[in-house]
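Structure, as structure tokens:
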Amino acid sequence: MTTKIDYSGMICIPSKEKIRFVLKKKGNNPLFVIGLNSSTADENKPDRTVRKAMTIAESHEGTDGFVMFNLYPLRETVPSKLPPTDVQKLLDRNIAAIQKELGNVSNPTILAAWGTNIEERKYLAESLRKIVQLPAAQGAKWFHFGDLTQAGHPRHLLYVPTDSELSKFDVEKYVKNLK
């Protein structure tokens, strides 16, 4: 998969740590992508998920960059290895970073892309609830890529064909039904 978005100038917050709150390519109207948890991508090298997010961002009309967030900022390639309970301070810092980035754009466009693993840890659903309630998320346009899972979750980007479509996502209804 190739992308036209140049990876140079990428910003990773923080850099070179076991957590990642934000990975972004600046733009005036970026596509915000919310995954489950951070993986290996940093300011120097994307991973497969970030490459796919970049491809989606460049094909979405009106966007000129992208910002990658996650429900939980700990870098872990296997979601089942996430801690059984959250570290509240880490979660609070993640939510604050998301509020700050979303606050830079009026009526942001957000792509929900966390997959079914949101069910594995209670704090992941709580994190999403907090994100949806953020002042900067009010008025956001929410989308998912490809079909929803059988349980109604937005799919992780790696498990959706590249030629899939963005569809509107009723995040309020989703959160109400989330366990």
Side-chain angles (χ1 to χ4, degrees), residues 1-7 10-12 20-42 45-73 75-80 82 94 98 101-102 105 107-121 124-125 127-129 131-132 134 136-137 139-179:
M1 177 183 336
T2 60
T3 181
K4 296 175 192 168
I5 294 177
D6 180 11
Y7 206 76
M10 193 65 79
I11 298 169
C12 184
R20 186 185 74 216
F21 299 114
V22 178
L23 182 64
K24 66 181 176 178
K25 180 70 175 189
K26 285 188 177 182
N28 293 322
N29 190 32
L31 176 66
F32 294 92
V33 181
I34 302 177
L36 188 78
N37 68 290
S38 301
S39 188
T40 61
D42 62 19
K45 185 178 177 189
D47 59 16
R48 290 178 31 220
T49 302
V50 168
R51 281 194 301 269
K52 195 154 201 182
M54 291 168 63
T55 299
I56 295 166
E58 76 177 9
S59 67
H60 186 68
E61 188 175 324
T63 58
D64 60 355
F66 87 101
V67 180
M68 184 82 199
F69 301 130
N70 289 284
L71 299 177
Y72 199 66
R75 289 181 184 267
E76 177 56 65
T77 57
V78 180
S80 63
L82 288 172
N94 191 49
I98 293 171
E101 293 295 327
L102 287 176
V105 176
N107 301 317
T109 301
I110 302 173
L111 175 58
W114 45 81
T116 59
N117 287 324
I118 191 171
E119 296 178 356
E120 288 196 24
R121 302 288 186 261
L124 297 170
S127 177
L128 177 60
R129 286 184 180 94
I131 292 167
V132 170
L134 288 172
K141 298 170 286 230
W142 286 78
F143 292 90
H144 65 90
F145 190 59
D147 296 332
L148 295 173
T149 68
Q150 189 173 10
H153 301 297
R155 293 188 188 273
H156 187 288
L157 297 181
L158 291 182
Y159 307 110
V160 183
T162 304
D163 62 351
S164 296
E165 299 284 326
L166 283 176
S167 301
K168 289 185 179 182
F169 182 58
D170 187 344
V171 72
E172 300 283 339
K173 180 179 176 183
Y174 175 82
V175 167
K176 284 181 187 175
N177 294 323
L178 193 57
K179 296 175 188 174

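Numbering of residues begins at 1 and proceeds along the displayed sequence. Because the structure is predicted, anything quoted here is derived from the model rather than measured.
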Point to revise | Check: N117 side chain, E120 main-chain N or O, donor-acceptor pair, under 3.5 Å | key: no

Practice item. Nearest 0.5 Å please: distance from the CE atom of M54 over to the CZ atom of F66. Key: 5.5 Å

Practice item. Please examine the side chains of S167 and F143, heavy atoms only from C-beta on, and report whether any two atoms are closer than 4.5 Å. Key: no

Check your understanding: Please walk me through it: do L166 and L111 pass side chain to side chain contact (heavy atoms under 4.5 Å, CB included)?
Key -> CA-CA 8 Å; L166 283 176; L111 175 58; 3.5 Å; yes

Exercise for review: Output, in order, the C-alpha distance, side-chain angles, deciding distance and verdict of side chain to side chain contact (heavy atoms under 4.5 Å, CB included) for T109 and H60.
Suggested key: CA-CA 10 Å; T109 301; H60 186 68; 3.9 Å; yes

Check your understanding: Are a donor atom and an acceptor atom from the side chains of N70 and S38 found within less than 3.5 Å of each other?
Key -> yes

Check your understanding: Shortest non-hydrogen contact from T49 to L157?
Key -> O-CD1, 4.1 Å

Review point. Hey, is NZ on K26 packed in by over 12 heavy atoms from elsewhere, all under 6.0 Å?
Key: no

Check your understanding: Roughly how far, to the nearest 0.5 Å, is SG of C12 from CG of L23?
Key -> 5.5 Å

Review point. Under 6.0 Å from the CG atom of N28, do we count more than 12 heavy atoms belonging to anything else shown?
Key: no

Exercise for review: Show your working on ring-ring contact (aromatic ring centres under 6.0 Å, His included) between F69 and F32 and close with a plain yes or no.
Suggested key: CA-CA 7 Å; F69 301 130; F32 294 92; 5.7 Å; yes

Check your understanding: Just how far is it from atom NZ of K141 to atom CG of L31, taken to the nearest 0.5 Å?
Key -> 10.5 Å

Review point. Minimum heavy-atom separation for P108 to A136, with atom names?
Key: CG-O, 3.7 Å

Point to revise | Considering all heavy atoms, the nearest K24-M10 contact | key: O-SD, 2.9 Å

Check your understanding: Between the side chain of S164 and the main-chain N/O of F145, is any donor-acceptor distance below 3.5 Å?
Key -> no

Check your understanding: So how far is it from L82 CG to L124 CG, rounded to the nearest 0.5 Å?
Key -> 6.5 Å

Check your understanding: Do V33 and V67 have side-chain heavy atoms sitting under 4.5 Å apart?
Key -> no

Check your understanding: Should L71 and N37 be marked as a side chain to side chain contact (heavy atoms under 4.5 Å, CB included) after you check the CA-CA gap, both sets of side-chain angles, and the distance that decides it?
Key -> CA-CA 6 Å; L71 299 177; N37 68 290; over 6 Å; no

**Study point:** Minimum heavy-atom distance V132-E172, with the two atoms named
**Key:** CG1-OE2, 3.5 Å

Practice item. Could you tell me which non-hydrogen atom of L178 sits nearest to which non-hydrogen atom of R129, and how far apart they are? Key: O-NH2, 2.6 Å

Check your understanding: Heavy atoms, side chains only, cut-off 4.5 Å: are P30 and V105 in contact?
Key -> yes

Review point. What pair of heavy atoms forms the shortest contact from R20 to S39, and how long is it?
Key: NH1-N, 4.1 Å

Review point. How are the rings of W142 and W114 set relative to one another: parallel (under 30°), tilted (30 to 60°) or perpendicular (over 60°)?
Key: perpendicular

Practice item. For side chain to side chain contact (heavy atoms under 4.5 Å, CB included), just list the numbers for I34 and I98, CA-CA rounded to whole Å, side-chain angles, deciding distance to a tenth of an Å, and then say yes or no. Key: CA-CA 10 Å; I34 302 177; I98 293 171; 5.6 Å; no

Exercise for review: Taking the side chain as every heavy atom from C-beta outward, state whether V171 and K173 have any pair of such atoms under 4.5 Å apart.
Suggested key: no

**Study point:** Side chain to side chain, Y7 and V50, heavy atoms closer than 4.5 Å
**Key:** yes

Check your understanding: Roughly how far, to the nearest 0.5 Å, is CG of L158 from CZ of R48?
Key -> 4.5 Å

Check your understanding: Is any side-chain heavy atom of I56 closer than 4.5 Å to a side-chain heavy atom of K52?
Key -> yes

Review point. Only one of H153, R155, H156 forms a side chain to side chain contact (heavy atoms under 4.5 Å, CB included) with T116, so which one is it?
Key: H153

Study note, to complete from the structure: Interatomic distance, NE2@H144 vs OG1@T149, rounded to 0.5 Å, equals 10.0 Å

